[in-house]
Amino acid sequence: MQERYDPAAVEAEAQQYWDRERCFEAKEDSTRAKYYCLSMFPYPSGRLHMGHVRNYTIGDVLSRFMRMNGRNVLQPMGWDAFGLPAENAAMANKVPPAKWTFDNIAHMKAQLKSLGFALDWSRELTTCTPEYYRWNQWLFLRMLEMGVAYQKTGMVNWDPVDKTVLANEQVIDGRGWRTGAPVEKREIPMYYLKITAYAEDLLDALKDMPGWPERVRAMQANWIGKSVGVRLGFPYDIGGPGVLHAFTTRADTLMGVTFCAVAAEHPLAAHAARGQPKLAAFIEECKRGPAIESELATQEKKGMPTGLTVRHPISGEAIPLWVGNYVLMSYGEGAVMGVPAHDERDFEFAKKYHLPIKSVIDVGGREYSTEEWRPWYAEHGRCINSGPYDGLEFQAAVDAIASDLSRSRLGEKQTTWRLRDWGISRQRYWGCPIPMIHCQACGAVPVPDEQLPVILPTNLVPDGSGNPLLKDAAFLAVACPQCGADARRETDTMDTFVDSSWYFLRFACPDNDKAVLDSRVQYWAPVDQYIGGIEHAILHLLYSRFWTRVMRELGAVAFKEPFANLFTQGMVLNEVFFRKPDAGRVEYFNPSEVEIRLDETAQRRIAVLRSDGEEVESGGVVTMSKSKNNGVDPQALVDEFGADTARLFTMFAAPPEQTLEWSDEGVQGAYRFIKRLWKAVHDHVSQGTPAALDTAALNDAQRGIRRQAHHTLAKITDDIGRRRTFNTAIAAAMEMLNALAKFPQSSPQDRSVMQEALEIAVLGLSPIIPHATHAMWRALGHETALIDEPWTPVDAAALQTSSIAMVVQVNGKLRGHISVAVGADEGTVRAAALADLHVQKFIGTSAVRKVIIVPGKLVNIVV
RNA sequence: GCCCGGAUGGCGGAACUGGUAGACGCGCCGGACUCAAAAUCCGGUGGUGGUGACACCGUGUGGGUUCGAUUCCCUCUCCGGGCACCA
């Protein structure tokens, strides 16, 4: 064994061994319990970032730990390889997105390998290859048959310069994020997936998912947004009889309606606007809406009367109909009943336009004034001023009103969802082609299965003038599968979230070119442990849950929930440094270019740019990002300290669910620890092979070390296996090494105890620092590879002691320490505690009122 | 506004089921080694008072429950995240 720890050599050797022995190739084995551990696959952006390192190290630690604990582990990796950045890079570099993407994959794969992750590369999949995306297309066609996929013309954000639909997140201050052009609302035909049909089940199932963080379940429930209420009908006669439908969760306030309001996009608004230029102008203004999403909720409520009236469904009274800018066409049916007395928004609206306010709920004796809004006006209570409903409580009133209205067909109970159907069409090139053909005669015709896959041409270079597929004659031209006439291919591609909605199932059988899934899925799926960033809490994880349900209906899988356990790791943060010139943009400097010093008085921290020696400002510790230029390149870290140090630092600096603050000194500390462990092993083995351990012949010090070693093993096992607090597992190992450093090596049994303790340290740390421990395990005299070693059981006998230390409190304050024999009875413990000199001093002349004994821990004397 | 988290030394964090607050690491201080520096090793390190033994104070704020509260309950403040004219 080399005296000096040389991470580059050690890591190359270990990685070569794992490669040569094909250690990470998972084989189905029905006689063994499987463990499918999956980290969210990356977008191949070019280089790994620290977030990837953290994510994949967590998965790797769990995979290696479960493997050593006897599970048949599958830990695959793939590439979420379609998407916008490839098109942007293509435009900038004039290279097809395919080349850029595959170059990035090659580089990032090498990086992942250099970090020593136990990944089964034989199952690697890439979503932009026809071998993968053909099954997207196949599944889409099945969904079309099931009625889960359908076409609809809907309102979208349209960038008039790039000529494409933008996602909501890509619209910044009302302008396209890339072009800066004002975004237009456009009606465009798109394909949708009927996720709303699964809303109830997606919501209900959340209650029974103990392996998911409460936070994520809450976010999904929030997003699905179930509201139970009544769909009301307000009859009218406006160019013919009709009914205005409005949804409410407060049907009990129906008798307090003093107006109705519809959204600007509502048909009745359009109808009223004819011949009313002022109203038409107002409607146009509303449609444009505020530029910024967050302003929506705070913008002033505005409205305009239509001059029309509808009739109250119970009293038949005429109710004025308004157009209101606070009514959303996308929720319910784009209309609300206005009850100013019991709804804050309606109140504000009524005050502004001097509409009557009629209180119909007893607010429980609290003050009611139409002058000012009070939060309790919206609380549930007993009906008043409501004719036949007076005196009824909330639910009774809702039931009675719904029942009365059901006779006149002007009301029925209804559940409304915030969740919308998932529009998957993108006017983008670099995505999975939607397998449809447009024929003049036959309309939209699905591509027949035998013609799949519809191959995306890989040689096109987008130029910013819209989807290049629109100009690709070879792609466009196709014969109609129904009538054979010349037809045109659909040029829209699928949202990339489609690709990631089921890739975890395909890892079971990525080589199958005959079927989307096969029997191997029954063995591996569902995923036992899924690991990824909280930013995917809603979209990716909700779509995947939906998609899995659809695949279950198709008979492809037998379960509804794809991820039994979910772990969301925290972000990686770093300090941000910048200069703000008097004019121009803020300039950010990477922390690697900045040096931290103390000023002359050693009071103040000063950040100085190395290149010019001048001061820069610190913007605090924030998420690592390109825009703030505060990222740390994992490659530089691996090159300088090795993969094990990178892994150890990211696992040690914070609990994995919390944010992790980058610290160069912390990295040094991790490196120092591995070096110390290496040296301890080296010093030990260089003295030759120790004698066999004779546990019966140990002295107190030796037994003490043995106890600590096994206690540490128990803690590491629990911390990794149950608590997932890798930081405390590492801390325990550090504590043990500190104790070993003070442990004298004079007798043969000292060396035997040391051998056992070092083996425990090496084995226990191997999931976290697999390379160094691989080498140290061999150095400790083992022929076998550590990766295949079973996890050592804790020796219960080693944990036993003859006496036990207890603390003594007087009135709850720590006053003394006593040592009592194991199994001592309460009387003995009590006597020992009372006899302690220090304790006696605090008892003094006071009478002892009570003595509380917590066995094995403490004695509290109450005086 | 609603829903989830969180607040502990100079810093990252530990204390798992109500039972020794500050494990472990970083930083800092002192020492050893060295011509010197780095690296390494040893010791110290919550605050206040005291030469010292030791005492008192101390987990965002104020209260409560308890023999005992970082932990449970209530109040407030601040920070982070999600949703948001959702009718």
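Just so we're clear, the structure is a prediction, and the values are computed from it rather than from any experiment. The chains referred to below are lettered A, B, ... by the order of the sequence lines, with proteins before strands, and numbering in each begins at 1.
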Return the polar atom pairs (N/O with N/O) between nucleotides 13-15 of chain B and the protein under 3.5 Å, or none.
from, atom 1, to, atom 2, distance (Å)
B/A14, OP1, A/Asn727, ND2, 3.3
B/A15, OP1, A/Arg723, NH1, 3.0
B/A15, OP1, A/Arg723, NH2, 2.9

Taking only nitrogen or oxygen atoms into account, show me every contact under 3.5 Å that the protein makes with nucleotides 38-42 of chain B, one pair per line with its distance.
from, atom 1, to, atom 2, distance (Å)
B/U40, OP1, A/Arg672, NE, 3.4

Protein-nucleic acid N or O pairs under 3.5 Å, nucleotides 50-57 of chain B:
from, atom 1, to, atom 2, distance (Å)
B/A55, OP1, A/His838, NE2, 3.2
B/C56, OP1, A/Arg815, NH2, 3.4
B/C56, OP2, A/Arg815, NH1, 3.2
B/C57, OP2, A/Lys813, NZ, 2.8

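Closest to the side chain of A/Leu814, from the set B/C86, B/C83, B/A21, is B/A21. With distances taken from any side-chain atom of A/Arg215 to the nucleotides B/U20, B/C85, B/C4, the minimum falls on B/C4.
At a cut-off of 3.5 angstrom, the base of B/C16 holds at least one donor-acceptor pair with the side chain of A/Arg722.
For the strand RNA chain B, secondary-structure stems (runs of at least three Watson-Crick or G-U pairs, all distances below 3.5 Å) span B:1-7 with B:77-83, B:10-12 with B:24-26, B:27-32 with B:40-45, B:46-49 with B:54-57, B:62-64 with B:72-74.
Legend: residues meeting ring pair (Phe, Tyr, Trp, His ring centres under 6.0 Å) with A/Phe282, ordered by chain and number and at least two apart, are absent. Applying the salt bridge (Lys or Arg N to Asp or Glu O under 4.0 Å) criterion to A/Glu372, with sequence neighbours excluded, gives A/Arg374. Legend: residues meeting ring pair (Phe, Tyr, Trp, His ring centres under 6.0 Å) with A/His817, ordered by chain and number and at least two apart, are absent. Under the ring pair (Phe, Tyr, Trp, His ring centres under 6.0 Å) criterion, A/Tyr353 pairs with A/Trp322, A/Phe349, sequence neighbours left out. Residues satisfying the ring pair (Phe, Tyr, Trp, His ring centres under 6.0 Å) criterion with A/Trp422, sequence neighbours excluded, are A/Tyr543. In terms of the salt bridge (Lys or Arg N to Asp or Glu O under 4.0 Å) criterion, A/Glu735 has no residue partners (sequence neighbours excluded).
Using a cutoff of 4.0 Å between basic side-chain nitrogens and carboxylate oxygens, A/Arg345 and A/Glu348 are not scored as salt-bridged.
Contacts with RNA chain B (heavy atom under 4.0 Å) in residues 855-863 of chain A: A/Lys857, A/Leu858, A/Asn860, A/Val862, listed by number.
Residue A/Met219 contributes atom CE, which lies 13 Å from atom P of B/C4 at whole-angstrom precision.
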Taking distance alone, no hydrogens or angles, what donor-acceptor pairs closer than 3.5 Å link side-chain atoms of residues 254-266 of chain A to residues at least two apart or in another chain?
from, atom 1, to, atom 2, distance (Å)
A/Thr258, OG1, A/Pro356, O, 2.9
A/His266, ND1, A/Leu268, N, 3.1

